[in-house]
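Okay, so here's the structure we're looking at.
What you see below is based on every heavy atom in this structure, not just the backbone, and it leaves out hydrogens, waters and symmetry mates. In the text below, chain A, chain B and the rest are named by the order of the sequence lines, each starting its count at 1. Computed from a predicted model, the values in this text were never measured in an experiment.
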Amino acid sequence: MSHLSLLLDLQPAAWHDPTQSLQFSTFLAHILVFLNAHLAQKHENSLAIFGAFPGKSIMLYSSIDQTKPADRRVQPDPNWYQPFKTLDAALTERIREEMPQPSTSSEAEELPVALVGALAKALCCKIIQATKVEAPSDTPVVMPESRILIVSVSPDAAASYIPLMNSIFSAQKLKVVIDVCKIYGPDTTFLQQAAYLTGGSYIRVEKHESLLQYLMMCFLQPPSVRSLLAVPTTDRVDFRAACFCHKDIIDAGYVCSVCLSSGSDCF
Amino acid sequence: MPPRRAQDHNYMAVDSDSDDSFIVEDGDGDFGADRTRGAKSKGKGKAVQKGKDKGKGKGKEQPYSWEASYTRSWDAVQEDEGGSLQTAVEDLLARGRRRRLLGPSTAIRRTIIRHLILILDLSASMLDKDMRPSRFDLTLEYARAFITEWFDQNPLGQIGIVGMRAGLGERVCDMSGNPQDVLKHISDRVKLEPNGEPSLQNAIEMARGSMSHLPSHSSREVLVIFGSLTSCDPGNIHDTLDACVKDRIRVSFVSLAAEMKICRDFCVKTGGTFGVALNEGHFKDLLFEGIPPPVQTGAAATAKTGPGNPAADLMQMGFPTRLPDTAPPALCVCHSELKTEGFLCPRCGAKLCDVPTDCDICGLMIVSSSHLARSYHHLFPVKPYEVLMDKSSLTITSPSVCHACALPFRESQQSKTPATAPAEGLSPLGRYRCPDCGNDFCADCDVFVHEVMHVCPSCHDPKPIPQPS
């Protein structure tokens with residue numbers, strides 16, 4: 001059994017841009033097919049979806065917690081596999097509720113998305129933490145394999161470097177793989193490091209119309225199977241530090257022994 | 001019988017001076033306190049209760065563990081309505097974990113660049129089987145766990161290992177910043193087979209010698225795991241102690257047998273910690289207390305006189321270029337093996353297998369930025385969450401689920417006895433509130449956030465910058 005936490009970067013500015021080749025509705029359709037495929041793989045597979053909105057992060061859907069009122073509103077449909085329908089209806093409705101409209105919230109739109117908050121919440125999820133806790137020896141509990149897929153459209157937020165790195169290290173400790181699927185925007189060094197440090201893949205989607213294929217081929221299979229499948233891994237990661245005063249990338253420099261700030265000749 | 005014994009103990013402490021050393025050995029080694037208490041109990045007569053001695057450690061209540069009656073630990077566990085122990089066990093766990101969080105949370109200066117010499121006792125007394133499977137095997141097992149965890153928390157530190165065997169100090173492993181290197185040296189238990197007498201002086205002198213070249217901004221620490229009750233030294237060990245104080249080496253002891261005066265002196269004078277392991281679990285706890293970076297004391301921080309912030313040195317470091325798997329193979333300078341992946345030293349261009357390390361060619365300290373980032377959580381700790389005790393702090397808008405994991409809060413089953421709960425720092429509502437962002441978290445997430453993640457899930461959400469009006 002495997003657990004997937006999906007982090008959607010829902011930056012309205014990026015998604016409402018009419019010049020982009022991938023519209024939000026198409027994107028959502030691709031994501032839903034991918035999630036259905038994940039649920040269809042195995043009956044026990046679980047799913048949690050977090051949305052990173054500007055300035056806040058929200059859990060949009062969780063297959064573990066079945067008490068949400070949104071589930072009950074869904075009418076059973078004989079031609080539709082019920083878990084798929086529950087998921088699709090709940091997710092689209094929650095996004096519609098929470099997604100700020102670009103016209104109404106011009107100020108909130110400027111904020112960077114709360115990716116750190118979403119990642120931290122995903123890691124707090126009990127099913128992920130359970131991988132760490134040793135089960136009592138007399139009960140053979142099969143611990144789920146956990147991974148986090150981040151679908152990112154916005155650039156790095158420099159202010160979130162330390163909390164983001166702390167979250168990455170805790171994911172590493174819990175043996176949670178972080179995958180990154182970059183759709184728009186420049187490459188983010190932070191997320192590249194996340195994927196590299198946890199053994200996941202960082203993939204930049206070049207052809208937006210075939211997003212589903214990227215998702216299916218690279219991110220659907222659980223990490224244990226990936227070694228057999230030649231999934232592209234992160235190879236070029238920049239591990240150099242930036243100088244604190246000029247934000248230049250430095251090769252060799254001086255580091256303060258107390259606060260660990262780095263700098264080059266400017267000290 | 002324990003009560004009788006306790007009275008005897010006081011009686012003897014007063015009446016015969018010659019017995020003092022015999023009695024004190026079992027307790028805290030504090031002659032003065034023992035005498036005064038003895039005198040007090042004499043004045044009040046023999047009817048004095050054992051409970052009065054409480055302030056002075058558990059050891060006093062029952063002088064010897066083999067004379068103690070059984071402690072019925074199972075009586076403390078209560079079944080819940082369903083006859084299950086699950087809630088009781090959870091409560092015990094939660095209480096233990098909460099207690100760990102009650103430490104200081106203010107910004108304190110810690111030593112980030114650490115150098116530690118681990119001294120292992122490899123004398124014949126380590127073959128004792130009072131700890132299972134034997135002191136030696138247990139020490140090796142815990143030492144491995146300790147080293148792994150230590151490097152995880154202190155990625156910029158270095159560890160060396162010295163063994164005490166047959167009256168000599170024996171270098172088991174040189175100072176190294178690579179956990180795999182260090183672990184390899186203690187993986188083979190046959191090479192470390194205990195033998196002969198230990199020599200504390202030789203081992204500490206060897207540790208001191210190997211740390212003498214270190215710059216002043218790095219800490220010099222020695223951790224001794226000591227299983228013997230004797231030490232066979234070539235000279236005066238107090239000279240070694242003075243030299244350690246002079247070199248500002250922190251010596252800590254974990255004793256497996258009993259307290260020795262000289263060990264205690266080492267710890268007190270050099271600012272280390274001393275502990276005698278009561279059992280296997282306690283041994284591990286004592287050992288792992290040395291993992292978080294020590295707080296820099298005022299004396300150490302201002303040791304170097306000068307203007308401004310004197311102890312803040314700048315260290316030269318190199319940030320290497322990582323070679324991808326597809327790079328042409330080349331020989332590495334550390335193992336002379338042909339490899340494709342690796343790191344290039346930015347100063348001399350040598351190829352290294354692993355970071356962090358010191359470049360073998362030019363001696364530059366090579367780290368990657370993620371190693372620096374790994375230490376940041378010691379510098380910027382998450383504030384401890386406030387324990388919500390009653391419903392008055394809740395409003396109608398308070399969510400009924402944990403802000404992080406979105407599971408409903410579990411109210412404690414034992415809320416009928418509120419007298420015990422506040423001391424334990426356990427919320428009867430199962431809610432813990434972040435003082436900064438004001439969100440409520442459940443007990444599990446609270447512990448996870450503070451012990452593993454070091455990030456509050458909602459404090460870092462980007463906030464709108466207030467517009468100057």
(request) Supply the atom-to-atom distance B/Met315 CE to A/Leu260 CG, rounded to the nearest 0.5 angstrom. (result) 6.0 Å
(request) Check whether any side-chain heavy atom of A/Ile162 sits under 4.5 Å from a side-chain heavy atom of B/Val455, and report yes or no. (result) no
(message) Is the shortest side-chain heavy-atom distance between A/Phe169 and B/Asp152 below 4.5 Å?
(response) no
(request) Would you mind telling me which of B/Pro457, B/Ser458, B/Pro215 has the largest number of heavy-atom pairs within less than 4.5 Å of chain A? (result) B/Pro457
(request) Against chain A, label B/His371 side chain, backbone, both or neither, depending on which of its atoms sit under 4.5 Å from a heavy atom there. (result) neither
(message) I'd like to check B/Ser369 versus A/Gln193 (side-chain heavy atoms, cut-off strictly below 4.5 Å). Are they in contact?
(response) yes
(message) Given heavy-atom pairs under 4.5 angstrom as the criterion, report whether the side chain, backbone, both or neither of B/Ile366 touches chain A.
(response) neither
(message) Once rounded to the nearest 0.5 Å, what's the spacing between atom CZ of B/Phe380 and atom CG of A/Asn166?
(response) 10.0 Å
(message) To the nearest 0.5 Å, what is the distance between CG on B/Asp461 and OG on A/Ser57?
(response) 4.5 Å
(request) Just give me the residue among B/Ser368, B/Cys456, B/Ser375 that pairs up with chain A most often, heavy atom to heavy atom, under 4.5 Å. (result) B/Ser368
(message) So, taking the atom named CG in B/Asp446 and the one named SG in A/Cys124, what distance separates them when rounded to the nearest 0.5 Å?
(response) 10.0 Å
(message) What I'd like to find out is whether the side chain of A/Leu174 reaches to under 4.5 Å of the side chain of B/Phe448, using heavy atoms alone.
(response) yes
(message) What part of B/Val355 gets within 4.5 angstrom of chain A, counting heavy atoms only: side chain, backbone, both, or neither?
(response) neither
(message) Counting only non-hydrogen atoms closer than 4.5 Å, does B/Cys345 touch chain A with its backbone (N, CA, C, O), its side chain (CB onward), both, or neither?
(response) neither
(message) One thing to verify: whether B/Arg347 and A/Asp251 come together as a salt bridge, which I'm taking to mean a side-chain N less than 4.0 angstrom from a carboxylate O.
(response) no
(message) Please classify the contact between A/Leu197 and chain B as side chain, backbone, both or neither, with a heavy-atom cut-off of under 4.5 Å.
(response) side chain
(message) To the closest 0.5 Å, what do you measure between CE (B/Met453) and NZ (A/Lys173)?
(response) 12.0 Å
(request) Please determine, among B/His454, B/His377, B/His460, B/Arg374, the option with the most heavy-atom pairs under 4.5 Å with chain A. (result) B/Arg374
(request) Counting only heavy atoms closer than 4.5 Å, note whether A/Ser160 contacts chain B via side chain, backbone, both or neither. (result) neither
(request) Hey, could you give me the OG/CG distance between A/Ser62 and B/Leu407, rounded to the nearest 0.5 Å? (result) 7.5 Å
(request) Could you please spell out the steps behind the side chain to side chain contact (heavy atoms under 4.5 Å, CB included) verdict for A/Val255 and B/Leu314? (result) CA-CA 5 Å; A/Val255 174; B/Leu314 294 178; over 6 Å; no
(message) In the structure I gave you, are the side-chain heavy atoms of B/Cys405 and A/Lys121 within less than 4.5 Å of one another anywhere?
(response) no
